[in-house]
Amino acid sequence: MTAPLFDGTLLQHRAYTDPSVFEKEMELLFGKAWIYLGHDCQIPEPGDYFLGHVGRTSVIVVRDHDLQPRVLENRCAHRGPAVCLDGRGRTKMFTCPYHGWTYNLDGRLRSLPLPEDYNISAMKRDKKLKPAARVDRYRGFIFASFCEDGPDLREFLGSSRAAFDNFMDRAPDKSMEPLSVPLRHKLRANWKLVFENLNDTIHPLFAHGSVSSAGRASERREELGSTAQMLSQNPGRLLQGIRGVRTVTNKFGHSFQPGLAAFIGAERESREDHFAALAATKGEHEAEQILATDLYVSLVYPSVLVKPGSQSIRIIRPIAVDETEVTTLFFRLHGAPDSVTRAAQDYHNSLGSPASPVLSDDLFIYELIQADFARDYAMSFERGLLVESDSADDEGNGTSEVYIRQQYRAWSKYLAGSWP
Amino acid sequence: MRPVRSSTTGELAEAVPTFLFHEANLLDERRYADWLALFSSDAHYWMPCDKDAPDRAFSSSLIDDNRAALSLRVLRLQQPNAHAMQPLPHSCRLISNVTIESETPLLVRSKLIVHEFQRREYARDDHRVFAATVHHKLRIHSSGFQIESKRVDLIDAGGARTLMPVPL
């Protein structure tokens, strides 16, 4: 018997490089956990659809005539090509490009040429686009699980439901719309590196130090957008604030750091406009509570990062053991003034673009890590371990790697064939 | 394809491509401060994700920089801890199909291919290729041209790219 890949603090490099581990992840983790796909507002009318992925499986997320969202594997029941080729659109049916089989919005076979030749009633094959075992929504955010049983979506999300609540609560008119084209980037590295990085509050001081030093040296700093100003602060001041923040995790591997945005200065000038719009529909007390709820980056393992304050969602799509695609979607909140949308848009472009001075260094470092795992090497996730209280294996201070340890506890359970 | 319009003076038809070649050389030679100096103080640099986006303010962009943000961007490239620039990339910019679309204002469309190379002792060498249609709005200035706006429509703006630290 081989040693476990994760021993509680160290993760063996095979977890990032071994195609057989990746296959297990696709089957046992992405084939079981609730995977994020999108939001109701992306498919308002029957026939509206977009494409997403559950692990490596392309799925169609489509609004059916009964207004329920369906999640269907994008693969003809006959000989396997995708039946939907556009990333999004509106349709009455899906037609296979190969032999012309057509399917209804619920995935059932609608018609096929030469039915007598196929002897359709006697065919062994299940003649439909295979639906996800379970589809559920929370505040309009659509998830699917390829596993029949296990925790429902509410239980799976646990305390991370707060991120989705706050996302929607920030819309004065209780609804939103997606920007038509998302930002995308690709890393030539394993998908787990993204999850390790995005609640890591220490790396910006070093990995992104060039942005803060350039920002402080720039001559027309007052003309920079709010995001660039945030990034060009004094790193020492940031560290003081971050120590005071808690990192909250749960057994499914999710995590967030309440109060972080305020500490790092991610609050925006548009807050007053946003407050006024929210107060007009919800009253001042509730408006203040909503805007004071600061969950910054919430990681929902293993598929999505939720950023309520910047109205954006990042979907992590594993493609191969050393290749990952990340899609950043941005939403306009209905009833919010343009200044709010613009500030969030600035943030989203400044941090989600592969040309971003911030993200380009992250992508570079992911590739550094992935580049040479060839020896007997294990990653260390021990930061914060010795300074945390004994009981808190699910919580730590703002600099702790507790959320990564929690991710790999969940990961180990999934890969052993069970739920965390 | 429209040819250079007959009303375009020969001087402009020659000076505009010369200016674009000069701009490209500055980036290839990593003379970022000189490159930045080509832009007017109210200049704007835009690399949209969706070239048909109706409103820049509400659409995703790979780059959406005013002059201050552009200045921060290139100042960062020269910091010793700009990791993505280590070691410094080498690049070759090829500009073609230069078309003067209007003389007043002076609007120029061109095609751009960039090949970037980064030696990585620790891993595989990295080659990055970019192809784009570029739109310049130029202002005639005492010392030549100034760039009022530059818009770069990458052919794969809607796709997933790896890092691109240096503006095109």
Side-chain angles (χ1 to χ4, degrees), chain A residues 87 179-188 206-215 217-225 228 231-232 317 319 324-330 332 338 341-342 345-346 348-350 352-357 359-368 370-372, chain B residues 36 41-42 45-86 89 118 120-124 126 128 130 152 154 156-168:
Chain A
L179 243 65
S180 58
V181 174
L183 271 170
R184 295 183 204 278
H185 64 267
K186 181 164 79 173
L187 39 146
R188 291 168 291 195
F206 302 94
H208 307 314
S210 62
V211 183
S212 54
S213 47
S218 67
E219 285 165 13
R220 295 161 63 174
R221 211 182 145 199
E222 66 288 350
E223 291 171 36
L224 292 170
L231 294 167
S232 55
R317 174 191 163 200
I319 293 175
T324 306
E325 185 174 296
V326 180
T327 299
T328 307
L329 290 110
F330 174 74
R332 184 207 290 252
D338 284 352
T341 313
R342 262 194 218 103
Q345 175 73 64
D346 172 60
H348 160 79
N349 289 337
S350 302
S353 161
S356 150
L359 184 61
S360 58
D361 276 341
D362 285 323
L363 295 176
F364 180 76
I365 288 171
Y366 294 144
E367 293 183 5
L368 278 186
Q370 189 76 35
D372 186 10
Chain B
L36 188 66
S41 64
D42 58 348
Y45 184 115
W46 188 27
M47 190 185 288
C49 288
D50 174 10
K51 66 182 176 59
D52 302 318
D55 187 343
R56 180 172 58 77
F58 303 117
S59 66
S60 295
S61 301
L62 293 158
I63 298 179
D64 181 4
D65 280 357
N66 61 15
R67 169 67 192 249
L70 200 58
S71 154
L72 171 68
R73 182 180 296 277
V74 298
L75 205 55
R76 175 194 102 82
L77 294 178
Q78 301 165 83
Q79 303 295 310
N81 54 346
H83 308 296
M85 296 296 283
Q86 290 174 354
Q118 207 168 10
R120 292 183 175 176
E121 289 294 338
Y122 54 88
R124 281 171 296 191
D126 196 18
R128 302 187 284 260
F130 305 89
V152 179
L154 275 176
D156 56 350
R161 290 209 63 105
T162 63
L163 66 165
M164 42 185 304
V166 183
L168 300 182

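A note on names: the letters A, B, ... follow the listed sequences, proteins ahead of strands, and every chain is numbered from 1.
- Screening residues 72-84 of chain B for salt bridge (charged side-chain N to carboxylate O under 4.0 Å, His left out), with sequence neighbours left out, gives D361(A)-R76(B), D65(B)-R73(B).
- Neither the backbone nor the side chain of L187(A) comes within less than 4.5 Å of any heavy atom in chain B.
- Across S71(B), A69(B), C49(B), A157(B), the residue that shares the most heavy-atom pairs under 4.5 angstrom with chain A is C49(B).
- Taking CG of N349(A) as the start and OG of S61(B) as the end, the distance is 4.5 Å to the nearest 0.5 Å.
- Rounding to the nearest 0.5 Å gives a distance of 11.5 Å between CG of L359(A) and OG of S350(A).
- Annotation: maximal heavy-atom pairing with chain A below 4.5 Å, among R124(B), R120(B), M47(B), occurs at R120(B).
- Comparing R332(A), H348(A), E325(A) by how many heavy-atom pairs each has under 4.5 Å with chain B, the most go to R332(A).
- The line from OG of S210(A) to CE of M85(B) is 10.0 Å long, rounded to the nearest 0.5 Å.
- Residues satisfying the side-chain hydrogen bond (donor to acceptor under 3.5 Å, both in side chains) test with R188(A), not counting sequence neighbours, are E367(A), D126(B).
- By number of non-hydrogen pairs under 4.5 angstrom with chain A, the leading residue of M164(B), H83(B), Q78(B) is H83(B).
- Only the backbone of F206(A) has a heavy atom closer than 4.5 Å to any heavy atom of chain B.
- Between chain A and the options S59(B), P48(B), P165(B), A82(B), the largest number of non-hydrogen pairs under 4.5 Å is found for S59(B).
- Ranked by non-hydrogen atom pairs under 4.5 Å with chain B, the options A207(A), G352(A), S356(A) are led by A207(A).
- Of the listed residues D64(B), T162(B), L72(B), V74(B), the one with more heavy-atom pairs under 4.5 angstrom with chain A than any other is T162(B).
- The NE2 atom of H185(A) sits 13.5 Å away from atom CZ of R161(B), with the distance rounded to the nearest 0.5 Å.
- Counting heavy-atom pairs closer than 4.5 Å to chain A, the top-ranked of the candidates L75(B), I63(B), V166(B) is L75(B).
- Side-chain atoms of Q118(B) come within 3.5 Å of backbone N or O of A84(B) as a donor-acceptor pair.
- Contact tally against chain B (heavy-atom pairs below 4.5 Å) for L363(A), L179(A), T328(A): the top residue is L179(A).
- A heavy-atom distance below 4.5 Å is not found between the side chains of R342(A) and D346(A).
- With rounding to the nearest 0.5 Å, the separation of CG in L368(A) from CD in Q86(B) is 9.5 Å.
- Looking at I365(A), only its side chain comes within 4.5 Å of chain B, counting heavy atoms on both sides.
- Chosen from T327(A), D362(A), D338(A), the residue pairing most often with chain B at heavy-atom distances under 4.5 Å is D338(A).
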